[in-house]
Amino acid sequence: MPACAPLHTQHPHSPHSPAPTRRRPRIEGADLSAAVAVFLIALPLSLGIALATGAPLQAGLVAAAVGGVVAGRLGGCPLQVSGPAAGLTVVTADLIHRYGWRATCGITVLAGLAQLGLGCLRVARGALAVSPAVVHGMLAGIGITIAVAQLHIVLGGSPDSSVLANLRDLPAQLAGLHPAAVTMSVLTLTLLLAWPRLPGRAGRLLRKVPAALVAVTGAAATAALTGLALPRVDLPSWHSHALAGLPEGPVLGVAAAVLTTTLVCSVQSLLGAVAVDKLVASRPGPQSRVGRSDLDRELLGQGAANIVSGALGGLPVAGVAVRSTANVKSGAVSRNSTMLHGVLVVVAALLMVPVLEEIPLASLAALVMAVGIQMVSLHHIRTVTRHREVPVYAATALGVVFLGVLQGVCLGVAVAVTIALHRLAHTRITHTEKEGVHHVRVRGQLTFLAVPRLSRALHLVPQGTHAVVELDGSFMDHAAYESLQDWRGAHLARGGTAELTGRRDGIRTAGQAPPAECRCHPWTPWRNHQSCFAGAPAAPAGQEAGRELARGISSFQRNTAPLVRDELARLAREGQRPAQLFLTCADSRLVTSMITASGPGDLFVVRNVGNLVPPPGEEHGDDSVAAAIEYAVDVLGVRSITVCGHSGCGAMQALLTTGPDDRSTPLRRWLRHGLPSLARMAGDLRGRPRLAGRAPVDAVELLCLTNVVQQLAHLRAHEPVARALARGELELHGMYFHVGEAQAYLLAGPEGGTVFEDVTEGVRRGEEACGPARPTSRGQV
């Protein structure tokens with residue numbers, strides 16, 4: 001099973017309960033508290049970002065309100081909070097400088113229309129193909145630009161539109177700094193940095209108030225009490241608020257402006273949605289059961305929000321990491337928190353104008369400057385360094401600073417493509433001889449471009465000698481594979497020996513392989529298992545079958561045991577520490593290690609006829625399954641239990657034909673634990689389980705699916721499971737494996753869930769939200 005939990009969908013009522021009557025929507029207390037927390041962060045930041053762009057300060061409030069209400073209601077990521085984002089500051093400031101404010105609003109509307117078009121084309125996942133180094137470099141470049149510009153306001157001056165001009169004017173600004181502005185800025189930064197670090201129990205309580213709100217409020221109160229003469233927030237009457245106008249200028253220039261705004265808004269929002277999914281998945285207990293993001297719908301929601309925001313005279317809208325993180329960590333459970341925060345912004349914009357106008361502009365500038373500095377993340381720099389993508393990061397950041405956002409991103413993409421092509425084409429092949437053994441080392445990707453050099457190196461190996469070919473790369477194309485296999489075959493035919501090691505092939509080959517030798521690659525996806533007994537006749541008799549089994553064991557000892565001995569020795573020393581209990585049927589066609597790509601020590605497996613879980617306390621019940629559950633949960637501390645059924649289950653077929661009182665044989669007595677599944681299948685028709693996209697093909701498949709759901713109910717009744725679930729330390733999952741299609745399905749939402757989803761789609765979406773699956777000993781579970 002993947003390390004990430006399977007996808008969950010929200011089920012407002014049990015599938016076996018009557019359809020609920022219409023009632024007024026109810027806002028959860030967690031959503032209300034989260035909305036207040038996000039509102040307190042969004043209010044000062046929205047004003048500060050508007051100040052940084054040179055737009056009317058009310059434009060930040062408009063964007064925050066529209067982002068909360070429109071994007072929150074229509075978007076595909078329920079807990080992502082949208083509004084004016086720091087990543088859009090440079091783009092918006094440049095548009096205002098070139099075209100004016102009303103034309104910038106018009107460009108925002110056009111960008112929203114472009115986002116709607118992209119969402120309808122369902123290309124949202126294409127944004128995830130952008131190299132993370134490009135995205136991090138773009139944010140770093142924007143952060144540097146913001147910090148340098150706001151530094152002038154912090155010192156009491158006004159910034160220029162160019163980074164170079166701001167840097168050039170900085171010495172003069174330092175010489176003529178404004179003491180009152182500097183004082184408010186220093187106070188704001190001090191509160192912003194010190195507030196999250198307050199010690200003690202009182203500090204934990206105080207830290208629940210957002211640091212940004214405390215910093216701005218403290219500066220405003222100090223300025224008011226001391227009577228300092230400072231420029232303050234100026235919110236003119238809404239009657240004079242400017243709305244969108246048509247942009248004027250060269251068509252190509254306007255198109256480039258729309259493209260830049262669309263690109264930055266879309267990429268930031270989509271990557272933010274993926275990040276929110278990761279945060280949600282990491283929350284314990286029921287709070288993690290929030291639907292995964294629909295990226296195409298999120299793009300449509302962001303497009304609608306930009307259309308409304310631009311038309312109403314607001315800043316461009318995108319998903320905001322700071323507010324989204326606060327929303328998730330505050331315990332929000334639905335999109336109501338995002339929408340309610342937007343409503344609170346509207347209330348503040350209408351009723352709190354006198355309070356907002358007491359905020360010094362220097363305090364807002366210090367707040368935004370701190371946000372800009374934080375966008376140059378040391379964690380991101382370490383990540384791109386580890387992946388050898390520093391040139392991509394640096395080129396993007398410098399391009400954004402000195403050329404512009406779109407130009408910087410294009411430069412970063414060009415550098416990323418160049419480096420990828422270089423890595424694909426650059427392969428180092430060496431030949432050395434040591435103590436009679438010839439070593440051919442291949443470093444890099446092995447493609448057709450390297451075949452001539454590979455051939456020359458291999459022909460340096462004399463006939464009849466022992467050769468070791470070390471492959472250190474993650475890719476080998478067909479031409480290189482054919483060249484390597486042709487050489488190996490010729491070398492073995494001439495009496496030599498060959499050993500292939502590295503990432504591509506863990507098989508040691510010495511001499512000509514006998515016809516009956518196993519060709520199944522250990523620790524790779526399962527292939528035609530009959531090749532293990534190649535050349536052997538069919539086994540009608542038990543004696544021949546026994547010989548086949550012995551040959552298979554012998555093949556394991558020769559080929560696989562040397563490769564896994566170290567790993568098994570480690571497991572023997574450390575003991576078993578599986579993360580999951582996998583309860584499945586004893587059917588011979590279900591190979592758990594194959595369908596879960598797991599290795600030794602990864603799964604604690606319990607198999608029985610029909611993957612049944614007898615309810616606890618049943619008279620004459622079977623204790624073997626209950627004992628395994630107790631041992632797995634209380635002793636091994638597994639974090640997940642999966643009940644896996646399968647198609648064509650013989651136990652389910654027998655269950656359909658047996659009577660409720662038929663206990664004539666041990667098999668019939670065992671199958672009585674499946675009678676609740678029969679009763680469940682005969683119950684509410686609307687609650688019958690099904691596969692995503694189709695109904696069960698026959699009664700046997702319907703019973704197989706129903707049995708998985710029913711056995712999960714039995715599982716929850718066991719005391720160790722109930723205790724672990726109550727503590728939020730355990731997850732239960734249902735799985736169905738269609739043998740004929742070699743297709744696995746996961747139950748979406750085991751708490752009353754009835755739909756089994758394609759596991760491939762689930763893992764793809766899960767990895768985008770949670771990252772790659774946890775690596776295990778040799779496979780992935």
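Here the structure is a predicted model, which is why all the values come from computation and not from measurement.
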Could you check whether any side-chain N or O of [X] sits under 3.5 Å from a backbone N or O of [Y], counting only pairs where one atom can act as donor and the other as acceptor?
{"X": "Ser337", "Y": "Val333", "value": "no"}
{"X": "Arg335", "Y": "Gly72", "value": "yes"}
{"X": "Asn166", "Y": "Val148", "value": "no"}
{"X": "Gln268", "Y": "Gly319", "value": "yes"}
{"X": "Arg323", "Y": "Thr338", "value": "no"}
{"X": "Trp195", "Y": "Leu206", "value": "yes"}
{"X": "Trp101", "Y": "Gly54", "value": "no"}
{"X": "Asp31", "Y": "Asn336", "value": "no"}

Query raised in the report: Got more than 12 heavy atoms from elsewhere within 6.0 Å of CG, Leu351?
Result: yes
Checklist line | Over 12 non-hydrogen atoms of neighbours within 6.0 angstrom of CZ in Arg297 | finding: yes
**Message:** side chain to side chain contact (heavy atoms under 4.5 Å, CB included) for Leu300 and Leu74? Distances and angles first, verdict last.
**Reply:** CA-CA 7 Å; Leu300 292 172; Leu74 302 178; over 6 Å; no
Are [X] and [Y] close enough that some pair of their side-chain heavy atoms sits under 4.5 Å apart?
{"X": "Val390", "Y": "Ile381", "value": "no"}
{"X": "Val328", "Y": "Val276", "value": "yes"}
{"X": "Val317", "Y": "Cys265", "value": "no"}
{"X": "Ser131", "Y": "Val413", "value": "no"}
{"X": "Leu61", "Y": "Leu47", "value": "yes"}

Distance-only polar pair, side chains of Thr92 and Thr53, donor-acceptor under 3.5 Å = no
Which side-chain N or O atoms in residues 76-83 pair as donor and acceptor under 3.5 Å with protein atoms at least two apart or in another chain?
| from | atom 1 | to | atom 2 | distance (Å) |
| --- | --- | --- | --- | --- |
| Gln80 | OE1 | Ala273 | N | 3.1 |
| Gln80 | NE2 | Ser269 | O | 3.2 |
| Gln80 | NE2 | Glu298 | OE2 | 2.8 |
| Ser82 | OG | Gln302 | NE2 | 2.7 |

